[in-house]
Amino acid sequence: MTGQGSGAAPGPAPRRRPDASMTLLVEVVERPLDPGYAAAAERRRSREATGSEASRRGPRRRRAAVTAAMALVAGLLVTGAASALTRPSDPDDRAALVSDIERRTADADDAAAQAAALRAQVQAQQDALLAGDDDAPTRDPGLLVASGTTAVTGPGLVVTVSDGPGATGDGASDPRDVDPDVDARVQDGDLQRVANGLWSSGAEAVAINGQRLTAATAIRSAGGAVLVNFRPLSPPYRVEAVGSPNALAASFALTPAARWLQALSDQYGIGVQVSTSDELDLPALDAQRLYSARVPEEQEPTP
């Protein structure tokens, strides 16, 4: 009685796990490996992961080393090429090159003079042989003049174009250093415009510094030089046109070539001088090339 009156009411008893009586089976299911085996397996996985990461880092390091080596070699090559381009040329080499060019130019001039003399002899002999032959073909003077195969003498117009005061193409500098935006030199295109303007004005024959112009003539540039008939010319450029002086002067003044020359003179200071002449001597073209030929119908042999 006393014990029941003084003590507190008992609480519910703790519940037991259903598998409390199967401790061995629980241990086998939840922990199939011995702790020592599990630790060994964990250490093995750790070593394998570390080795795999190292093997992945190896090729990357080798590729980075190869790339760095290639970049170093390319940098050395570019540096060497740049230094070679900026290195000033040897004055002795340049003098030897200029001397060789002058010698070969003189040889070409001598050969051209000899060829002209031989052509004159051949023409004289042909004229002598055909003088007494009534059936001999006659030569068309207009065709000979247009083809440049004969020299032309007569009055005409002379257009002289010279480099401006700020020209850099004096032959002493590298043509690659020329800035086309501020260059005051006469270009091949300028001479082309002048020649075309004279032809359109009625010129019968045109020559630039003694080089006869024909339908097959090329006026172009190579480096800092202007070539006409593949011969280098030096300024000033004297463009001669045979024809009526007054008519040529009046017509040429209205051509786009005249306006172009005026613009060059105003913008770059290029010298332009137009004058008439009572007598101009235009030589024949040095080199002749036969492209095609045919026999006139009235002179074809009968079968």
Note to self: Within a 6.0 Å radius of atom CH2 on Trp199, are there more than 12 heavy atoms belonging to other residues, nucleotides or ligands?
What the structure shows: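 Above 12, so yes.
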Are the side chain of [X] and the backbone N or O of [Y] linked by a donor-acceptor pair below 3.5 Å?
X: Asp110; Y: Asp107; result: no
X: Arg185; Y: Ile270; result: no
X: Asn229; Y: Gln211; result: no
X: Ser251; Y: Ala247; result: yes
X: Ser200; Y: Asn196; result: yes

Next item on the list: Please name the residue in the list Asp109, Thr105, Asn209 that meets the side chain to side chain donor-acceptor pair (under 3.5 Å) test with Arg231.
Entry: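 Exactly one candidate clears the test, Asp109.
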Within the structure provided, determine whether [X] and [Y] are in side-chain contact (heavy-atom separation under 4.5 Å).
X: Val186; Y: Pro235; value: no
X: Leu213; Y: Ile208; value: yes
X: Pro245; Y: Leu157; value: no

Notebook entry, point to check: Is Leu227 linked to Tyr237 within one hydrophobic cluster, defined over Ile, Leu, Val, Met, Phe, Trp and Tyr using a side-chain heavy-atom separation of less than 4.5 Å?
Noted result: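 Different hydrophobic clusters.
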Notebook entry, point to check: Side-chain donor-acceptor pair under 3.5 Å between Asp266 and Gln262, yes or no?
Noted result: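 Indeed, the side chains of Asp266 and Gln262 share at least one donor-acceptor pair under 3.5 Å.
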Notebook entry, point to check: Does a salt bridge link Arg103 with Asp100, judged by any charged N lying under 4.0 Å from a carboxylate O?
Noted result: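 Yes, this pair counts.
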Note to self: Holding to side chain to side chain contact (heavy atoms under 4.5 Å, CB included), I want the full list of residues that pass it with Ser221, two or more places apart in sequence or in another chain.
What the structure shows: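 Result, side chain to side chain contact (heavy atoms under 4.5 Å, CB included) vs Ser221: Asp188.
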Cut-off 3.5 Å, no hydrogens considered: what does the side-chain donor-acceptor table look like for residues 273-282, sequence neighbours left out?
from: Ser277; atom 1: OG; to: Glu279; atom 2: N; distance (Å): 3.4
from: Ser277; atom 1: OG; to: Glu279; atom 2: O; distance (Å): 3.2
from: Asp281; atom 1: OD1; to: Thr153; atom 2: OG1; distance (Å): 3.1

Margin query: Out of the candidates Val152, Val228, Val206, only one should pair with Arg212 under the side chain to side chain contact (heavy atoms under 4.5 Å, CB included) rule; please name it.
Written below: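 Answer after filtering Val152, Val228, Val206: Val152.
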